[in-house]
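Read through the structure below, which is laid out as structure tokens, and then see the notes.
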Number of protein chains: 4
Amino acid sequence: MKNADEPTQPRRTRDPDSKRAAVHDAALHLFTKRGYENVSIAQVAKSAGIAVGTVYRFYDNKLAMLRAMLEEIEDLFVRRMKHDWDKGGAHPDRLDAICEGLFVVAEDHRSLLRLLTMTTDVVYVDGALPGDRIQSQIRSFYAEGMSAGTFVEGDVDMMAAMAHGLVEGAMMQSMRSSTSNRTEDVAQLSKVMKNAFVARQQ
Amino acid sequence: MKNADEPTQPRRTRDPDSKRAAVHDAALHLFTKRGYENVSIAQVAKSAGIAVGTVYRFYDNKLAMLRAMLEEIEDLFVRRMKHDWDKGGAHPDRLDAICEGLFVVAEDHRSLLRLLTMTTDVVYVDGALPGDRIQSQIRSFYAEGMSAGTFVEGDVDMMAAMAHGLVEGAMMQSMRSSTSNRTEDVAQLSKVMKNAFVARQQ
Amino acid sequence: MKNADEPTQPRRTRDPDSKRAAVHDAALHLFTKRGYENVSIAQVAKSAGIAVGTVYRFYDNKLAMLRAMLEEIEDLFVRRMKHDWDKGGAHPDRLDAICEGLFVVAEDHRSLLRLLTMTTDVVYVDGALPGDRIQSQIRSFYAEGMSAGTFVEGDVDMMAAMAHGLVEGAMMQSMRSSTSNRTEDVAQLSKVMKNAFVARQQ
Amino acid sequence: MKNADEPTQPRRTRDPDSKRAAVHDAALHLFTKRGYENVSIAQVAKSAGIAVGTVYRFYDNKLAMLRAMLEEIEDLFVRRMKHDWDKGGAHPDRLDAICEGLFVVAEDHRSLLRLLTMTTDVVYVDGALPGDRIQSQIRSFYAEGMSAGTFVEGDVDMMAAMAHGLVEGAMMQSMRSSTSNRTEDVAQLSKVMKNAFVARQQ
DNA sequence: AATGAATGAGAGTTCATTCAT
DNA sequence: GATGAATGAACTCTCATTCAT
């Protein structure tokens, strides 16, 4: 039985950064598991082991928490893609590198990725969608490849959108499948990507 | 004397089906425009021209309304795909037909499609995602094509997931672009789809 | 001991107008007793014997409740003053009538009057103060009397402000004093008012 | 080598009185500008350049800050009135002096005065009103004047209340009017006051 | 069958106050 | 003495759902 007269709680005992991280992790976990709208700040706070008010030291409001996470994962993807692309080499090989890189990020940040694919409704505003920055980055890669003659000709926006969808589909499948193996999944995605978007030599 | 042909005023007892449709349309319109969570039953009822309580004659609760709509659009897509596939012909040609068919449905039911891609968060439960039935249908087509040697070899689930993502990406892009033209978009999607998934003859 | 399984509460059993009145009275009582800021909607609802949500059927928000009450008492005063003034007669006699009339209203609406003198802080916006409409009405009477030569010359705004303050002081004193007698208080106010504002004949 | 004359930077330990004053001034400014309820201790602390906790060295709680200010302005008024009254002279002349004195204080402490007339709601408890000490002082002057036969006969409490209201009305009007001129306002107030409360010689 | 007033749990957010540092 | 991170009760307001009419 719990003694209600316990001296409430220790104050200022933990590393502040660990609290920020605790809020982040708790929120991410809950959002991913139950959906953003079905999670209350009180639940996040409790799960993070802090008081409700403390959550607001780290995020201005609930939506800001979500946006911060979406930006985080978008950043991770965009940076990784850039990094892999900028290593140079033939464009088709860069595609391989990017597919591999994206899967690595996805595997390391499963929850964030799921959040990215789940919260369209909540965040939607002025036609902007989560994932747009990723798609935009893909577009610029594609444009470069197309003007170099290595990628299939077509409307860049549409090509980028399809490539984005293709990758997202593969990732979600990989994450959902219990038997999947990253190396194989990456290989398969790479193969399909190249079939779809790399121009045939004649 | 009672005139059986009362004028335009809504009757004491209207055709129940027309009410159901009114609720459906009002909800779809509002959900799409403002997001599921930002629409109240009161607003739906008002927009449908009926009382709040009456909404509950047609749907057990708010979430059921959303699920019904998602099922509806999934049905539309699945049925159309089946219909197009079952017309027979070479598998690659069937791909063409399906791409065309899906875009037709998408164009006729923009709001429903939008709902399908936006409400993952709300509906998500136990790993099931809106769109799964569509993906499942794609899987069965793909399996057939693969065993016939017309589709690229690979893990069926992954292939179906990628195809699904590819199509969804194309559709979203098409819907978002103000300058897009369906015929062109379909052509481009078809081409990419065949490059990606149709086995090369040698 | 209370049975928690009681069928919550009867619904729709009371006259709706009685609910509106109950909210009004409960809020007025509590605001007057404890101060607007120190009263919660929950307390108002409880005191009115209804649910919190029901309060919002009658008032858009908490501040609207207060404003409605202030308008109510301002209206009562303004109307009464006009009525008394418009009965005609010599201006000094009208002053008598108005003093009498105002006291009648004040006595019948003690709580509202107190609210009027208490909530300056809350309502203050753009320099507008509760009581301004009353003062404005006084101003127009004064202007009339001054141009007729019956009231003391001076800056009308200042004269009206002083008259207003004088009356308000008298009313508050009358309300606070347990031994006060309306007839006497009115007589005294009238006398002072006439000394202060009625021009001496020579 | 330690330089005892550190520059303008706030010292680890500042003069406590300057801190107290900083809190006082910050709070007064903010209360007057935004209303007591709309100002947080954190804002006061920040504006005063000290920590939240330090505020509590000077005031037990938020309400105590307000009460201290109300007492301050009451003191100012009461002391000034006493001072002017005690200069002696004919009672009517003392009235002139007091009117002048009160306006001087009001002009020098506009914010405090505003606070005095605006925060009734917050402070109100047990029938005690801010301003009561001022009114009480007026009462004692009036009693003296009345027993000397120089002031109009009547119930002292009522007379004092009316005088108080009259002055407050004049002050508020003077403060609100952009075109007002103190000398004129004082003159007008004095005239009306004497008409109202100074007994006519015969 | 239809209504919509009523409910009240629960949401996000604020902030006076405390106290370990 | 001073700090400001942390607390959590309390606030206003919303809205899915119910049910007497």
Side-chain angles (χ1 to χ4, degrees), chain A residues 7-16 19-20 37-46 49-65, chain B residues 10-14 16 19 37-46 50-57 59-65, chain C residues 7-16 19 37-46 50-63 65, chain D residues 10-14 16 19 37-46 50-65:
Chain A
T8 31
Q9 216 74 8
R11 227 171 271 243
R12 182 72 148 298
T13 45
R14 273 196 288 158
D15 172 22
K19 279 196 188 170
R20 168 166 247 121
E37 300 278 4
N38 303 315
V39 173
S40 73
I41 295 288
Q43 287 162 353
V44 171
K46 188 171 185 183
I50 60 169
V52 170
T54 308
V55 172
Y56 288 85
R57 290 201 72 72
F58 304 121
Y59 301 96
D60 279 352
N61 52 54
K62 196 186 171 190
L63 189 52
M65 288 182 53
Chain B
R11 217 82 53 65
R12 221 304 175 263
T13 306
R14 272 196 292 164
K19 281 194 191 175
E37 300 280 357
N38 303 315
V39 173
S40 71
I41 295 288
Q43 287 163 352
V44 172
K46 186 173 185 184
I50 62 170
V52 170
T54 309
V55 172
Y56 286 83
R57 285 237 148 260
Y59 300 96
D60 280 351
N61 51 53
K62 196 185 169 190
L63 189 52
M65 291 181 50
Chain C
T8 32
Q9 216 75 7
R11 227 171 271 245
R12 181 71 148 296
T13 44
R14 273 194 287 156
D15 172 20
K19 282 197 187 168
E37 299 278 3
N38 303 315
V39 173
S40 73
I41 296 288
Q43 287 163 353
V44 172
K46 188 172 184 182
I50 61 170
V52 169
T54 308
V55 172
Y56 288 85
R57 290 201 71 72
F58 304 122
Y59 300 97
D60 278 352
N61 50 56
K62 196 186 169 189
L63 190 52
M65 289 180 51
Chain D
R11 217 79 57 64
R12 225 293 177 273
T13 305
R14 273 197 290 163
K19 281 194 191 174
E37 299 281 356
N38 302 316
V39 173
S40 71
I41 296 289
Q43 287 164 350
V44 172
K46 186 172 183 184
I50 61 169
V52 170
T54 309
V55 171
Y56 286 82
R57 285 238 147 263
F58 305 120
Y59 300 97
D60 280 351
N61 52 54
K62 196 184 168 190
L63 190 52
M65 290 180 50

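A note on names: the letters A, B, ... follow the listed sequences, proteins ahead of strands, and every chain is numbered from 1. Predicted model only: the values in this text are computed from it and were never measured.
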Exercise. Report yes or no: does C:K62 contribute a side-chain atom to a donor-acceptor pair with the main-chain N or O of C:V39 at less than 3.5 Å?
Key: yes
Quiz item: Could you state the interatomic distance from CD (C:E37) to CG (D:N38), rounded to the nearest 0.5 Å?
Solution: 7.0 Å
Exercise. For residues C:Y56 and C:I41, report the shortest heavy-atom separation together with the two atoms involved.
Key: OH-CG1, 3.6 Å
Quiz item: Hey, is CG on B:D60 packed in by over 12 heavy atoms from elsewhere, all under 6.0 Å?
Solution: no
Self-check item: Gap between atoms CZ and P, on C:F58 and E:dA5 respectively (whole Å)
Solution: 9 Å
Quiz item: Rounded to whole angstroms, how far apart are CZ on C:R57 and P on E:dA6?
Solution: 6 Å
Quiz prompt | Atom-to-atom span, CD1 of B:I50 to C1' of E:dA1 - whole angstrom | solution = 12 Å
Quiz item: Rounding to a whole Å, what distance do you find between C:K62:NZ and F:dT14:P?
Solution: 15 Å
Exercise. Work out which heavy atom in A:V55 is nearest to a heavy atom in A:A45; give both atom names and the distance.
Key: CG2-CB, 3.8 Å
Quiz item: Does any residue of residues 37-46 of chain B have a heavy atom under 4.0 Å from DNA chain E, and if so, which ones, in number order?
Solution: none
Exercise. Measure across B:M65 and B:Y59 and return the closest heavy-atom pair with its distance rounded to 0.1 Å.
Key: CG-CG, 3.3 Å
Self-check item: Heavy-atom pair with the smallest gap, counting every atom of B:T54 and B:K19
Solution: CG2-CD, 4.5 Å
Quiz prompt | Of A:V55 and C:T54, the one whose closest DNA chain F nucleotide lies more 5' | solution = A:V55
Exercise. Write down the distance between CE (A:M65) and P (E:dG12), rounded to a whole number of angstrom.
Key: 10 Å
Exercise. Report the distance from atom CG of D:N61 to atom P of E:dT17, rounded to the nearest whole Å.
Key: 5 Å
Practice problem: Find which nucleotide of DNA chain E each of A:L63 and B:V52 is nearest to by heavy atoms, and output the residue with the more 5' nucleotide. | Solution: B:V52
Quiz prompt | Nearest-nucleotide 5' precedence on DNA chain F, B:G53 against A:A51 | solution = A:A51
Quiz item: Given the rule that a pair is Watson-Crick or G-U wobble with both distances under 3.5 Å, how would you write DNA chain F in dot-bracket, using | for pairs to a different strand?
Solution: .||||||||||||||||||||
Self-check item: Euclidean distance, atom OH of residue A:Y56 to atom P of F:dG8 [Å, nearest integer]
Solution: 16 Å
Practice problem: Check the distance between E:dC15's P and A:D60's CG and give it to me in whole angstrom. | Solution: 14 Å
